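Shown next, in structure tokens, is the structure this report addresses.
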Amino acid sequence: LSPPPDSSWDAAYERELQTFQDIGDTGEIWFGEESMVRIIRWLEKHKVPLDSSVLDIGTGNGVLLVELAKSGYMNLTGIDYSPSAIQLSEKVREKEGMSNIKLKVEDFLAPSFELSGFDICIDKGTFDAISLDPSDAVGKRKLYVGSLRRVLKPEGFFLITSCNWTKEELLNEFREGFEILEELPTPKFCFGGRIGNSVTALVFQRK
């Protein structure tokens, strides 16, 4: 499941917004339901307090935040640099009656000053999308890591789900300022007799 090129994000969310208005369908769940369950299970297993501040980076339709709210999490923020995505997630939030979810249009590579002090940051596919940007992907990945260091508290957790990067590559990308806590189990695929991961899910802690 690879993200659309940069320019078509808004168009994709415009379509999902229209579909939601027409039939109440929230659109695509990035990486599927099990990716959301995996994140919530990890938070519950580690007894992460329900009032912890959580940032969903590239929230899209906001469905992950709704599921977190249903699990009892109270301090939830979603950002996306696509205004159509934020419009869509606002409609999903209204439909579900989740008034405690904060949503804002933000470019994570240049976050606003008030975006800081989070206990937990979650990324499902946003780092992937940035990595595929044809204009200066390397520079943008560095900006991403810098932004993450700025918005996540020391000792805070970063949960990333990726379909483009292996565990070793992600360890390398986030080596400055973060240490790996664990790798979460993800669906495996088999190709030519070799077993590989189609999806990598890691938990980092900010040093």
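Predicted, not measured: the structure shown is a model, and the values here were computed from it. Numbers here are sequence positions counted from 1.
Donor-acceptor pairing under 3.5 Å is recorded for the side chains of Glu106 and Ser112. Between the side chains of Ser131 and Trp165, at least one donor N or O lies within less than 3.5 Å of an accepting N or O. Between the side chains of Asp133 and Ser135, at least one donor-acceptor pair of N or O atoms lies under 3.5 Å.
With sequence neighbours left out, the side-chain contact (heavy atoms from CB on, under 4.5 Å) criterion links Pro154 to Arg206. Partners of Trp42 by ring-ring contact (aromatic ring centres under 6.0 Å, His included), not counting sequence neighbours, listed by chain and number: His46, Phe157.
Across Val151 and Phe108, no two heavy atoms sit closer than the pair CG2-CE1, 3.8 Å. Nearest heavy atom pair, residue Val66 against residue Met98, reads O-CE, 4.0 Å. Of all non-hydrogen atoms in Lys140 and Ile130, the two that sit nearest each other are CB-CG2, 3.6 Å. Between Asp80 and Thr59, the shortest heavy-atom distance links the atoms OD2-N, 3.4 Å. The two residues Ile120 and Ile122 come nearest to each other via the heavy atoms CG2-CG1, 3.9 Å. Between Gly72 and Leu50 the shortest heavy-atom distance is O-CB, 3.4 Å.
With Lys102 as the fixed residue, the side chain to side chain contact (heavy atoms under 4.5 Å, CB included) test singles out one of Leu55, Leu76, Leu65, Asn75: Asn75. Just one residue in the list Thr200, Asp123, Asp128 forms a side chain to side chain donor-acceptor pair (under 3.5 Å) with Ser162, and that residue is Asp128.
Few gaps surround NZ on Lys70; more than 12 heavy atoms of other groups in view lie less than 6.0 Å from it. Counting heavy atoms of neighbouring residues, nucleotides and ligands inside a 6.0 Å radius, atom NZ of Lys207 exceeds 12 of them.
The aromatic rings of Tyr144 and Phe174 lie perpendicular to each other, with more than 60° between the two planes, well past the 30° mark.
Using a 4.0 Å cut-off between charged nitrogen and carboxylate oxygen, Glu44 and Arg41 do not count as a salt-bridge pair.
Formation of a donor-acceptor pair under 3.5 Å by the Asn61 side chain with backbone atoms of Ser89 is not found in this model.
Atom OG1 of Thr186 and atom NZ of Lys167 lie 11.0 Å apart (nearest 0.5 Å). Atom-to-atom distance recorded for Thr126:OG1 and Asp56:CG is 7.5 Å, nearest 0.5 angstrom. From Leu159, atom CG reaches atom SG of Cys121 across 9.5 Å, with rounding to the nearest 0.5 Å.
Among pairs with a residue in residues 146-155, those fulfilling side-chain hydrogen bond (donor to acceptor under 3.5 Å, both in side chains) read Asp119-Lys153, at least two apart in sequence or across chains.
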